[in-house]
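Some notes on the structure that comes next.
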Amino acid sequence: MSSKITAAITAVGAYVPPNVLTNADLEKMVDTTSDWILSRTGIAERHILKGEGLGTSDMIVPAVQELLKKRGISAEEIDCMIVGTVTPDMVFPSTANVVCDKIGAKNAWGFDLGAACSGFLYALTTGAALIESGRYKKVVVVGADKMSSIIDYTDRSTCIIFGDGAGAVLLEPNSEDLGVLDSILKSDGSGRHYLHQKAGGSVKPATAATVAAKEHFVYQEGQPVFKYAVKGMADVSAELMERNRLSADDVAWLVPHQANLRIIDATAKRMGLSNEKVMVNIEKYGNTTAATLPLCLSDWEKKLKKGDNVVLAAFGGGFTWGAIWLKWAY
Ligand code: UT7
C-alpha cells in the first residue's frame, strides 16, 4: 500500500461503426492500389460512420456505455468526462457535454481537448492529474474522431489513411502504485504548417469560397510529417524509458499511435521491443486520430495482466507528441 494516489484504468470501452471501407473500394474512388496502401501504411480497411445527423458523440456513447457496464456503475457516478477529438459534433458546445447528456451523466462536468493524434495521451495525463489531486473519483477519458467528416475522398494522399472510431477508459484512484506513473508530453506549433485544416476556424470562417476550395478537409504534407513522427515518437518513448530506468524486458506492451506501420516499427526498434509486445491494429481501422490508443487497449484488454508495464506513445498534428508509462491495474 502506498500513501500516494495514482490514477488507474479500471475499465475500457470502444466502438467502431459497422460500415467498412476497404482498399479495394478505394481503388475504385482514387488512383491507387491495394498493394501501395498496404505496403506504405499497413492499412487494409477502415470503418466509416454513415448516416444523416450522426457525429463523433454517437460513437462515444456506445463506447462509454460498454465501459460502465463492465465496471458495473451508472452514468450518474461519473465526475468528469474529457474528450480528445479534432472532429467535435459542433464547434460548441463541447462533445463531452453532448455525450454526458445522451448517457445521463447528470453529475459530470467535462470538456473537449484538441491535440489531434496525441489527444488521448493529453487527455489521459489531464484526467490522471484530476484523480491524483484527490478531488475526483471517476474520470472518463475518451479518444474519438469521425475523420470521414474532414477527409476529401478525391485526395489519394489522405483518404487512404484515416478512419472513424471511439475508445474510452475509466480512471479511478489507486493506492497500490498501479495506473499512470509517468508522462512526457511535447508540442511544437511550428509543425502546424504541415498538417492542418485551413478553414472553419476563426482565422478563416466557412464561406462558399472556402467550401469550393476544399479547405474544410485535412491538409497534410505526408513526408515531413512522417520524418518528424518517426523521430518524435521514438525519441520520447526512449526518454520515458530512460528516466524511469525501464529496460526493454520490463516493458510488457507498447501501445503506439496507429498512423503508419513504418512509424510504429521504428519506435519499437528504438525501444528494443520485439513485435509480440507491440499492439498493432492499423490494418483494420486505419488512423482514427485520437481513438487509436484506446481502440488498441480494448482489442488487447484480455491479454493485459495486472502489473504489466505499458507504454503508450503518439505523434500528430500540432505538432503534438508524447509517451505515458502506466501499470495495468486489473
Ligand atoms: O497521424 C497523424 C500524423 N500523420 C502521420 O504520421 C502520417 C505520416 N506520413 C505518412 O504516413 C506517409 O508520408 C504517407 C502514407 C502519407 C505517404 O507515404 P510516403 O511513402 O511518404 O509517400 P510519398 O508522399 O512520398 O509519395 C510517394 C509517391 C508519390 O508519387 P511520385 O511523386 O513518387 O510519382 C505520390 O504521388 O506515391 C504517390 N502516392 C500514391 N500512389 C498510390 C501518394 N499517395 C498515393 C496513393 N496511391 N494513395
Side-chain angles (χ1 to χ4, degrees), residues 21-46 84-87 114-122 143-148 150-165 167 185-197 217-237 255-268 270 279-283 285-296 312-323:
L21 180 67
T22 65
N23 288 355
D25 295 330
L26 284 162
E27 281 181 352
K28 292 180 206 128
M29 295 159 66
V30 289
D31 179 16
T32 192
T33 64
S34 193
D35 285 349
W36 191 97
I37 301 172
L38 202 55
S39 63
R40 295 286 179 122
T41 67
I43 303 166
E45 55 189 41
R46 53 304 280 140
T85 189
V86 289
T87 51
C117 298
S118 308
F120 186 75
L121 283 187
Y122 275 42
D145 273 297
K146 183 187 170 186
M147 292 307 291
S148 62
I150 54 168
I151 291 299
D152 175 3
Y153 284 95
T154 65
D155 174 10
R156 69 175 183 175
S157 69
T158 51
C159 73
I160 55 138
I161 300 172
F162 293 97
D164 301 339
L185 301 179
K186 309 213 183 213
S187 73
D188 176 1
S190 68
R192 69 189 182 280
H193 302 295
Y194 302 115
L195 181 50
H196 58 257
Q197 182 181 319
F217 295 127
V218 169
Y219 170 87
Q220 173 169 263
E221 292 177 32
Q223 276 191 10
V225 176
F226 184 86
K227 208 176 73 188
Y228 283 106
V230 166
K231 185 164 164 33
M233 218 162 104
D235 281 357
V236 75
S237 304
V255 191
H257 174 50
Q258 314 280 309
N260 189 312
L261 193 52
R262 292 179 288 152
I263 301 173
I264 296 172
D265 288 344
T267 304
R270 179 74 180 282
M279 296 187 189
V280 177
N281 57 16
I282 191 170
E283 70 282 357
Y285 305 134
N287 182 349
T288 54
T289 303
T292 59
L293 301 181
L295 281 176
C296 280
L312 300 96
F315 186 97
F319 294 137
T320 56
W321 69 106

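Position 1 is the first residue of the sequence; numbering continues from there. The shown structure was predicted, so the numbers you read here are calculated from the model rather than taken from an experiment. Read the numbers this way: they start at 1 and go in the same order the structure lists the ligands and their atoms.
By the definition of a contact as any protein heavy atom under 4.0 Å away, atom 33 (O) of ligand 1 is not in contact. Contact annotation for atom 23 (P) of ligand 1: protein present (non-hydrogen atoms, distance under 4.0 Å). Shown here, atom 38 (C) of ligand 1 is in close reach of the protein: a heavy atom of it lies under 4.0 Å off. Counting only heavy atoms, the protein gets under 4.0 Å from atom 1 (O) of ligand 1. Of the protein's heavy atoms, none falls inside 4.0 Å of atom 14 (C) of ligand 1.
Using modelled atom types, one side-chain atom of Arg262 and one backbone atom of Arg40 make a donor-acceptor pair closer than 3.5 Å. Under the 3.5 Å distance criterion, the side-chain polar atoms of Thr33 are matched with a main-chain donor or acceptor of Trp36. Remark: the backbone N or O of Arg156 is not paired with any side-chain donor or acceptor of Thr32 at under 3.5 angstrom.
Backbone and side-chain nitrogen or oxygen atoms of Gly316 are examined, and none is located within less than 3.5 angstrom of a nitrogen or oxygen of ligand 1. Ligand 1 has no N or O atom lying under 3.5 Å from any N or O atom of Ser157, backbone or side chain. For Thr41, no nitrogen or oxygen atom sits less than 3.5 Å from a nitrogen or oxygen atom of ligand 1, counting backbone and side chain alike.
Taking CG from Asp31 and OG1 from Thr154, the interatomic distance works out to 12.0 Å, rounded to the nearest 0.5 Å. Distance SG/Cys159 to CE/Met147: 12.0 Å, rounded to 0.5 Å.
Screening Leu293, Asn287, Ile282, Leu295 for a side chain to side chain contact (heavy atoms under 4.5 Å, CB included) with Gln258, the sole residue that qualifies is Ile282.
Taking 4.0 Å as the cut-off, Ile263 counts as a neighbour of ligand 1 on heavy-atom distance.
Atoms of ligand 1 found under 4.0 Å from any heavy atom of His257, numbered from 1 in the order shown, are 1 (O). Numbered from 1 in the order shown, with element, the atoms of ligand 1 that lie under 4.0 Å from a heavy atom of Ile161 read 16 (C). Every atom of ligand 1 with a heavy atom of Ala259 under 4.0 Å away is listed here by number and element: 1 (O), 5 (C), 6 (O). Short contacts between ligand 1 and Asn287, defined as distances under 4.0 Å to a heavy atom of the residue, involve ligand atoms 1 (O), 2 (C).
If you check which protein heavy atom lies closest to atom 4 (N) of ligand 1, you get Gln220 OE1, 3.1 Å. The single protein non-hydrogen atom nearest to atom 35 (C) of ligand 1 is Arg156 NH2, 3.8 Å, given as residue, atom name and distance. For atom 9 (N) of ligand 1, the closest non-hydrogen atom on the protein side is Gly222 O, 3.1 Å. The closest protein non-hydrogen atom to atom 5 (C) of ligand 1 is Val225 CG1, 3.6 Å. Closest protein heavy atom to atom 21 (O) of ligand 1: Gln223 CG, 3.7 Å.
Residue Arg40 holds the heavy atom nearest to atom 27 (C) of ligand 1 of all those in Gln258, Arg40, Arg262, Glu221. With atom 11 (O) of ligand 1 as the reference point, the heavy atom nearest to it among Asp35, Thr320, Asn260 is part of Asn260. Summarising the contacts of atom 47 (N) of ligand 1 with Asp155, Thr32, Thr289, Val30, the nearest heavy atom is found in Thr32. Considering Phe226, Trp36, Phe162 only, the shortest heavy-atom separation from atom 42 (C) of ligand 1 involves Trp36.
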Would you please test Tyr122 and Thr320 for side-chain contact (heavy atoms from CB on, under 4.5 Å) and show each step?
CA-CA 9 Å; Tyr122 275 42; Thr320 56; 3.6 Å; yes
Please assess Tyr153 against Leu21 for the test side-chain contact (heavy atoms from CB on, under 4.5 Å), listing each intermediate value before the final yes or no.
CA-CA 11 Å; Tyr153 284 95; Leu21 180 67; 3.9 Å; yes
Show the numbers, then the answer: is there a side-chain contact (heavy atoms from CB on, under 4.5 Å) between Glu27 and Ser34?
CA-CA 7 Å; Glu27 281 181 352; Ser34 193; 3.2 Å; yes
Determine whether Ile161 and Arg46 satisfy the following criterion, side-chain contact (heavy atoms from CB on, under 4.5 Å), listing intermediate values before the conclusion.
CA-CA 8 Å; Ile161 300 172; Arg46 53 304 280 140; over 6 Å; no
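In this structure, Phe120 and Pro294 approach most closely via the heavy-atom pair CG-CD, 3.6 Å.
Ring-plane geometry between Phe319 and Tyr194 is classed as parallel, the angle between the planes falling under 30 degrees on a 0 to 90 degree scale with a further cut at 60.
Counting only N and O atoms by type, the side chains of Asp145 and Thr288 include no donor and acceptor under 3.5 Å apart.
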